[in-house]
There are 2 protein chains.
Amino acid sequence: MTSVEEPARPGERERVRDAVRTQAEILDVATQEFARAGYDGARVDEIAARTRTTKRMIYYYFGGKEQLFTAVLERAYGVIREAEQQLDVEHLDPVAAIRRLAEVTFDHHEQHPDFIRLVSIENIHEAQHIAASEKLGRIGSPALDVIRRILEEGRRSGLFTAQVDAVDLHAMISSFCFFRVSNRHTFGALFGRDLVDPAQRAHYRTMLGDMVIAYLTAERAAD
Amino acid sequence: MTSVEEPARPGERERVRDAVRTQAEILDVATQEFARAGYDGARVDEIAARTRTTKRMIYYYFGGKEQLFTAVLERAYGVIREAEQQLDVEHLDPVAAIRRLAEVTFDHHEQHPDFIRLVSIENIHEAQHIAASEKLGRIGSPALDVIRRILEEGRRSGLFTAQVDAVDLHAMISSFCFFRVSNRHTFGALFGRDLVDPAQRAHYRTMLGDMVIAYLTAERAAD
DNA sequence: TCACTAATGTACGAACTAGTACGTTAGCTA
DNA sequence: TAGCTAACGTACTAGTTCGTACATTAGTGA
């Protein structure tokens, strides 16, 4: 997550009052605290205490706990969007492109466990904050357009047999990546296997790619 | 979830004091309340109010909010275990057996959204209640043994090419089933597609089966 | 039927928690 | 440099929430 450390914006000398920096600092700490404890478990006082400013400022800039959480989600999804816009796989052949896309998705989930937790938390609250956000409604995903084009190309060249839709394929890839991180604690406790064990990382990454490619290229019975 | 209605245990006339019934009623309501609001969002007073008994009894029988949540998880996992023990797929050929197992898993997730929510919530708390439970540590899953035997048979008969482990295959199947339910709200809000739309149920159920079978039967490059 | 205890209800308290009223000041601009 | 306002801090409150002290009774076994 983009964090605001001491030398906020180089060139400008550190001012005592800096609206942009204060807001960013609040968002940083709030992201951690909400991800750690959930919406109801998070404490506004605790967020304020871990900031260089006070609780007063949270209400001044964000209005309240609910809106703060919404702002946290907006920024978190913004980071994902940016990463997905860097996606550069369309110079590859369809099979390699999809595998690469799956791997990038896999890596991204692994690198952002806080984001995964925020999304889990938001689902417990039935996405009410996303619904309340102007920025996030039907935001979609840049990755989706990429998938759409690769699927198109793969079907035209006869490599892909499956009649999948881009959104469904995205769901399939995401579900594995997301579950591996989001459910690692219960899964580990019940089955004694750590899905995020670094030693198993390559194994699961390959497994995901194999699964998706096998699905897309399998000869299917007439349906 | 097993709910305790008026004619608790037939044959016995309804007593005013009934320890078994009171505890079961508390667990029923607590399951709903924790699943609805999360651990920190749930209110002990609210649980008590929706019961025929009082808050005093929750502390009398369970000790506290934490232990109540643990008891809720224990019972919820118990229900899953029972269902999995009914699993009867080993008379089928390996391909049909795995597909059937995937379908049963799919159906079970769909039918128990509260359980999915409880598991999501427990993951936010890093499975600390499962860790604290004597009943739940390394409980495993009856389905796992079934998967193990089917995989064995499938490999021996040459139908399955993939070198998967039963636990990993279980993770693969669960991830799709779980994500579809757990993340339906954010996914729906962002992509405008309801993963739990009844009209799409058969579609996703087939998709899961196709995916798993394609993975298990794909001709793999030497690895 | 009597006494004993598991089961239960009432009322309360201490600590917490989101949110705010009120006052102050840094830094920019005219 | 004077004045204005966005940015900020302190101290407080009203309402909530987990947990418990204390009193009571239904049902059971001797």
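Heavy-atom basis, side chains included; hydrogens, waters and symmetry copies ignored. The structure presented is a predicted model; accordingly, all values stated were derived computationally and were not measured. Residue numbers start from 1 in every chain, and the chains themselves are labelled A, B, ... in the order their sequence lines are given, proteins ahead of strands.
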Identify all side-chain donor-acceptor contacts of residues 175-182 of chain A below 3.5 Å with residues at least two apart in sequence or on another chain.
| residue | atom | partner | partner atom | Å |
| --- | --- | --- | --- | --- |
| A:S175 | OG | A:A171 | O | 3.3 |
| A:S175 | OG | A:M172 | O | 2.8 |
| A:R180 | NE | A:L195 | O | 2.9 |
| A:R180 | NH1 | A:E110 | OE1 | 3.2 |
| A:R180 | NH2 | A:E110 | OE1 | 2.5 |
| A:S182 | OG | A:F178 | O | 3.1 |

Please report the distance, rounded to the nearest Å, between [atom1] in [X] and [atom2] in [N].
X	N	atom1	atom2	result
A:Q23	D:dA7	CD	P	8 Å
A:E25	D:dA7	CD	P	15 Å
A:R52	D:dC8	CZ	P	11 Å
B:E66	D:dT17	CD	P	17 Å
B:Y59	C:dT10	OH	P	17 Å

Note to self: Given C:dA6, D:dC18, C:dA18, identify the nucleotide with an atom nearest to the side chain of A:R43.
What the structure shows: C:dA18
Within the structure shown, what part of the strands sits under 4.0 Å from [X] by heavy-atom distance: base, sugar-phosphate, or nothing?
X	value
A:R56	base
B:A48	nothing
B:Y61	sugar-phosphate

Note to self: How about CD on B:E82, more than 12 heavy atoms from neighbouring residues, nucleotides or ligands closer than 6.0 Å, or not?
What the structure shows: no
Item checked: base_contact_polar (D:dG19 base, B:K55 side chain, donor-acceptor, <3.5 Å) -> yes
Check: Quick check: does any side chain N or O of B:R117 sit under 3.5 Å from a backbone N or O of A:I124, one acting as donor and the other as acceptor?
Finding: yes
